[in-house]
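All remarks here apply to the structure that follows.
Note that ligands are numbered from 1 as they come in the structure, with each ligand's atoms numbered from 1 the same way.
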Amino acid sequence: MSKPKVFVTRKILDRGMEMIQQFCDADIWLDDLPPSRQVLSERVRGKEGLLSLLTDNIDAGVMDAAGKNLKVISNHAVGYDNIDIAAATRRRIPVGNTPGILTDATADFAFTLLLSSARRITEADHFVRSGLWKTWGPTLMLGADISGATLGIIGFGRIGQAVAKRAEGFNMQVLFYDPNLNELVPGVNAHPVNLDILLHQSDFISIHTPLTVQTRHLINKAAFDKMKPNAILVNTARGAVIDPSALYTALKNKRIQAAALDVTESEPIPLDSPLLELENLILCPHIASASNSTRARMSIMAAENLIAGLKGEKLPNCVNSEIYD
Ligand code: GLV
């Protein structure tokens, strides 16, 4: 019996790759860079399954290019703003994602950025390497206090809650804003507030909301104007939740103290972006979930979703499960 044909838009870790190759006739895009839209549309033609990465824009055009055989889209990410879910749902194509397994890695990374920005780790490293360090000094590289500070978490799902638990160990007060959750969460020491209060009261703000029409540029000039001058902003969610030109102005004019971003509106951030000039900004290349075991488990989960869809079974993690109703 012939195996179902699938297109995999990049090589993922071996565990998942082996599962896919065992069950499918897999066409794998081996380049380090994502396939162009044209290549994607060509390679997906006639396939029954598509395994995509967050760098692939899977819209109605790509689904139509695949044709009526397409049975499943499995996204190798927890976020799925790169996929037109409504278009998939209209075509009754289930879309899978990889929730849960990357919660700890992402929360660890958000906390890494928070600590690094507060204590100026990247600046300090550069200072030492470039020979500027002459002696120990009482005012050398003073940074923000973490113990006793207030952390505001925007988006209080799994990852936001995991960040709150880490903050408790650092003796921080935690506020959260989540339009879908306005009550205390058992076992998590954090208080629900509205967005204005969070922006006004937080020393650190960490973003953990998905990118939607409502959250695009949620952190804009008006939001920066409400923040404390010592505020430090951390984003490990999606870049477009922050308006980059408002961020530039806020950092440049010291309207807030600093920011640390794992994600930017354009990825990679263009090398002529004015943000790259700023010393009070840490930038990372979207690596919050990039730990060995997390990426291995993501590959397995993405493979499981893909294979379930090809078999006509319900995906273990489906973002549009209403198609099964
Ligand atoms: C990473 O950003 C993910 O959504 O998995």
Which donor-acceptor pairs under 3.5 Å do side chains of residues 181-190 form with protein atoms, sequence neighbours excluded?
none

Listing, residues 158-177 side-chain donor-acceptor contacts under 3.5 Å, not counting sequence neighbours, or none:
from, atom 1, to, atom 2, distance (Å)
Gln161, NE2, Phe156, O, 3.0
Arg166, NE, Asp108, OD1, 2.7
Arg166, NH1, Ala162, O, 2.9
Arg166, NH2, Asp104, OD1, 3.0
Arg166, NH2, Asp108, OD1, 2.9
Asn171, ND2, Ser147, OG, 3.2

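At a cut-off of 3.5 Å, with distance as the only test, no side-chain donor of Arg238 or Thr215 sits close to an acceptor on the other residue. Gln38 and Glu42 are linked by a side-chain donor-acceptor pair at a separation below 3.5 angstrom, with hydrogens and angles left out of the test.
Taking a 4.5 Å side-chain heavy-atom cut-off between Ile, Leu, Val, Met, Phe, Trp and Tyr, the cluster of Leu50 extends to Phe7, Trp29, Val39, Leu40, Val44, Ile58, Val62, Met63, Leu70, Ile73, Tyr80, Ile83, Ile85, Ile93, Val95, Val319.
Listed as neighbours of ligand 1 are Leu54, Ala77, Val78, Gly79, Leu102, Arg238, His286, each bearing a heavy atom under 4.0 Å from the ligand.
A salt bridge links Asp196 and Lys226; the closest N-O separation between the charged side-chain nitrogens and carboxylate oxygens is under 4.0 Å.
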